[in-house]
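Just below is one structure, and these are the notes that go with it.
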Amino acid sequence: MVRTHSERGAEVLEAAIVLPMLIVLAFCLIQVCLIAYEGTAMSAAIESAAMKSDFSAAIASGNVNQAVKDELASNTPGIVKDNITVTNSKVSYSDRSDEATVTDTGSTGITTISKSSTTALLESTVDYKIPTLISVGSFDGIKMSKTIKVEVPVSEKMEVSR
């Protein structure tokens with residue numbers, strides 16, 4: 001193919017137009033993959049921390065949101081405390097008076113009857129921020145949220161001598 005004088009440099013011009021768009025597209029694809037990965041990892045970390053945590057002190061405290069945030073951050077090293085916010089914490093109680101556990105200690109002659117009369121259900125929304133590689137203006141991350149539901153037993157114990 002013979003090129004005329006007017007067609008010289010057309011490939012360079014096309015590459016100069018297309019190459020920046022391909023680079024931006026590649027960075028966007030990488031960013032989307034990182035957000036998906038970090039979102040899944042953060043969700044799993046919050047769920048794991050919720051299963052490990054003892055929320056009985058959080059329920060008793062006056063500031064349930066802050067107590068839940070402290071408990072989640074202390075039980076998972078991957079959670080950055082400044083990147084999470086706990087909101088909409090609700091505590092409800094349910095009566096389970098029909099369940100009882102009897103423990104016989106044998107030689108001491110004392111039987112302990114433990115009756116779980118009340119269960120506290122803690123429900124909180126955990127909002128967390130996933131930082132992005134590219135910050136434009138006030139956009140510095142993606143905000144995601146996860147709702148956790150945890151049952152905390154509130155029990156009574158009494159000892160009965162035989």
Side-chain angles (χ1 to χ4, degrees), residues 17-105 110-160:
I17 293 172
V18 173
L19 193 59
M21 288 193 288
L22 287 176
I23 291 172
V24 168
L25 182 65
F27 275 121
C28 290
L29 184 62
I30 290 170
Q31 183 64 61
V32 167
C33 292
L34 285 174
I35 289 171
Y37 171 76
E38 288 183 24
T40 303
M42 188 64 133
S43 179
I46 289 171
E47 194 171 313
S48 174
M51 292 188 328
K52 292 180 201 173
S53 299
D54 179 19
F55 290 107
S56 55
I59 291 172
S61 76
N63 189 352
V64 178
N65 289 336
Q66 185 63 40
V68 169
K69 179 179 179 176
D70 294 342
E71 190 68 32
L72 288 174
S74 68
N75 277 316
T76 304
I79 293 179
V80 178
K81 195 174 183 178
D82 295 337
N83 286 349
I84 64 171
T85 307
V86 178
T87 57
N88 301 329
S89 292
K90 293 180 259 180
V91 180
S92 59
Y93 298 93
S94 64
D95 186 20
R96 301 225 174 139
S97 58
D98 58 338
E99 299 175 5
T101 306
V102 178
T103 307
D104 189 2
T105 57
I110 295 177
T111 302
T112 302
I113 300 174
S114 175
K115 185 176 181 182
S116 178
S117 61
T118 307
T119 300
L121 178 64
L122 171 67
E123 183 174 340
S124 296
T125 302
V126 181
D127 299 317
Y128 50 96
K129 184 175 73 172
I130 298 175
T132 57
L133 295 173
I134 303 168
S135 296
V136 178
S138 64
F139 179 75
D140 61 348
I142 304 281
K143 291 188 169 99
M144 302 180 105
S145 67
K146 176 153 184 80
T147 301
I148 57 170
K149 294 180 182 179
V150 182
E151 281 190 13
V152 180
V154 180
S155 55
E156 298 174 15
K157 290 188 175 187
M158 63 180 180
E159 291 185 357
V160 179

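Heavy-atom basis, side chains included; hydrogens, waters and symmetry copies ignored.
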As an exercise, state the distance from [atom1] of [X] to [atom2] of [Y], rounded to the nearest 0.5 Å.
{"X": "K146", "Y": "T125", "atom1": "NZ", "atom2": "OG1", "value": "11.0 Å"}
{"X": "S74", "Y": "L72", "atom1": "OG", "atom2": "CG", "value": "8.0 Å"}
{"X": "I142", "Y": "L34", "atom1": "CD1", "atom2": "CG", "value": "11.5 Å"}
{"X": "I17", "Y": "L22", "atom1": "CD1", "atom2": "CG", "value": "12.0 Å"}
{"X": "I46", "Y": "I148", "atom1": "CD1", "atom2": "CD1", "value": "8.0 Å"}

Heavy-atom closest pair, residues Y128 and M42:
CD1-CG, 3.2 Å
Over all heavy atoms of both residues, which pair between G39 and M144 is shortest? Give the atoms and the distance, please.
CA-SD, 3.8 Å
Going by the rule salt bridge (charged side-chain N to carboxylate O under 4.0 Å, His left out), which residues pair with K129 if we only count those two or more places apart in sequence or in a different chain?
D140
Is there a donor-acceptor contact under 3.5 Å from the side chain of T40 to the main chain of A36?
yes
Please report the C-alpha distance between K69 and I84 in whole Å, then the side-chain angles of each, then the deciding distance to 0.1 Å, and finally whether the side chain to side chain contact (heavy atoms under 4.5 Å, CB included) criterion is met.
CA-CA 7 Å; K69 179 179 179 176; I84 64 171; 3.9 Å; yes
Verify side chain to side chain contact (heavy atoms under 4.5 Å, CB included) between L25 and L29, making sure each step is shown before the conclusion.
CA-CA 6 Å; L25 182 65; L29 184 62; 5.8 Å; no
Would you check if there is a donor-acceptor pair between the side chains of N65 and S89 at a distance under 3.5 Å?
yes
